[in-house]
Asks: 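The structure is given below, and queries will be raised subsequently.
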Amino acid sequence: MQMRLRWTFMTLSHSVVLLDLMLVGDPSYWTAKFRRLDVRFLERVLALWPRCLAALPPNPHEDTITISLVNIVSRDPEARRLFHDLAFHHEPFGYTVEGWAYSKGEIDMALLLDRERERYLAYECKRLNVTVNGRWRSNATLYVEEGVARFVSEKYAADLPVGCMLGYVMDGNVTRARAKVQASITEHREEIGLAWGPMDDEPLGTMGRFSSGHRRVSSSAPIEIRHALLPF
């Protein structure tokens, strides 16, 4: 017997239903909502970024950076108004045909909108422009294959219209990092179902920002991925 699952998004004047893991309703409303939330969240990240950097050792791993960021942002009163919870390594659930839940992996960081664990804005985080054993690497291919591709495969943000990538630019050269990542997205366009973009967004402080649209593998349903690159 297959279990039928149902979630309902409620606001003061809008509702949308997730039925059998499919999004039903006006996707443009939720896309716009997630876009606004992303900008407001990044504004707080940018404001708190110097505190995050001050708490980190030289050349930290991406998880070390993300843990510090989650710790600082989740304690910020202004940021707290934006989300129910800010989770490190949030695990979205998948479901077998029998209805059993299983973990689909760990999203680096997720803004939970309320107590429903399937309502979130995901941030997959990657280091860019790194130096390893004295050699410089862009890590742009890794960013695409182990970041962007996880949204396209529906491992993350399944049935949600928007997902986010957050790049930590270790040498501070955001312009170079953006060029490398955008070139890698274009180069892997077939594998990641690129539908449009990469398209530059309005700058936000020292961040490099752009967006891209993708067709998901199993459903061909569109997802917008929003990219933000932070200088370390």
Asks: Less than 4.0 Å between a side-chain N and a carboxylate O, is that true for Arg189 and Glu187?
Replies: no
Asks: Salt-bridged, Arg127 to Glu62, with N to O below 4.0 Å?
Replies: no
Asks: Could you point out which residue of Ile67, Leu166, Val73 forms a side chain to side chain contact (heavy atoms under 4.5 Å, CB included) with Met109?
Replies: Leu166
Asks: If we count only N and O atoms by modelled type, under 3.5 Å, do the side chains of Asp201 and Ser211 hold a donor and an acceptor together?
Replies: yes
Asks: At what distance, to the nearest 0.5 angstrom, does CG of Leu142 lie from OG of Ser184?
Replies: 9.5 Å
Asks: Where does the angle between the aromatic ring planes of Trp49 and Phe232 fall among parallel (under 30°), tilted (30 to 60°) and perpendicular (over 60°)?
Replies: perpendicular
Asks: Measure from NZ or CZ of Arg176 to the centre of the six-membered ring of Trp136, then state whether that distance is under 6.0 Å and the direction lies within 45° of the axis.
Replies: yes
Asks: Would Thr66 and Tyr123 count as having a side-chain donor-acceptor pair, cut-off 3.5 Å?
Replies: no
Asks: Taking the side chain from Ser68 and the backbone from Ile65, do they hold a donor-acceptor pair closer than 3.5 Å?
Replies: no
Asks: Tell me which one of Val174, Leu229, Leu42, Asp200 satisfies side chain to side chain contact (heavy atoms under 4.5 Å, CB included) with Arg209.
Replies: Leu42
Asks: Please check if the side chain of Thr64 supplies one atom and the backbone of Pro60 the other of a donor-acceptor pair under 3.5 Å.
Replies: no
Asks: Decide if atom NZ of Lys180 counts as having more than 12 heavy atoms of other residues, nucleotides or ligands within a radius under 6.0 Å.
Replies: no
Asks: Can you tell whether the side chains of Arg80 and Glu78 come within less than 4.0 Å, N to carboxylate O?
Replies: no
Asks: Is there a continuous path of hydrophobic side-chain contacts, each under 4.5 Å between heavy atoms, that joins Val162 to Leu37?
Replies: yes
Asks: Test side chain to side chain contact (heavy atoms under 4.5 Å, CB included) on Arg226 and Phe34; report intermediate values, then the result.
Replies: CA-CA 10 Å; Arg226 299 172 63 80; Phe34 279 129; over 6 Å; no
Asks: Is Arg44 atom CZ crowded by more than 12 heavy atoms from other residues, nucleotides or ligands, each under 6.0 Å away?
Replies: yes
Asks: Assess the pair Phe83 and Tyr120: is the distance between their ring centroids shorter than 6.0 Å?
Replies: no
Asks: Under a single-linkage definition using a 4.5 Å side-chain heavy-atom cutoff for Ile, Leu, Val, Met, Phe, Trp and Tyr, are Leu121 and Leu82 assigned to the same hydrophobic cluster?
Replies: yes
Asks: Looking at Lys126 and Glu146, does any basic side-chain N land under 4.0 Å from a carboxylate oxygen?
Replies: no
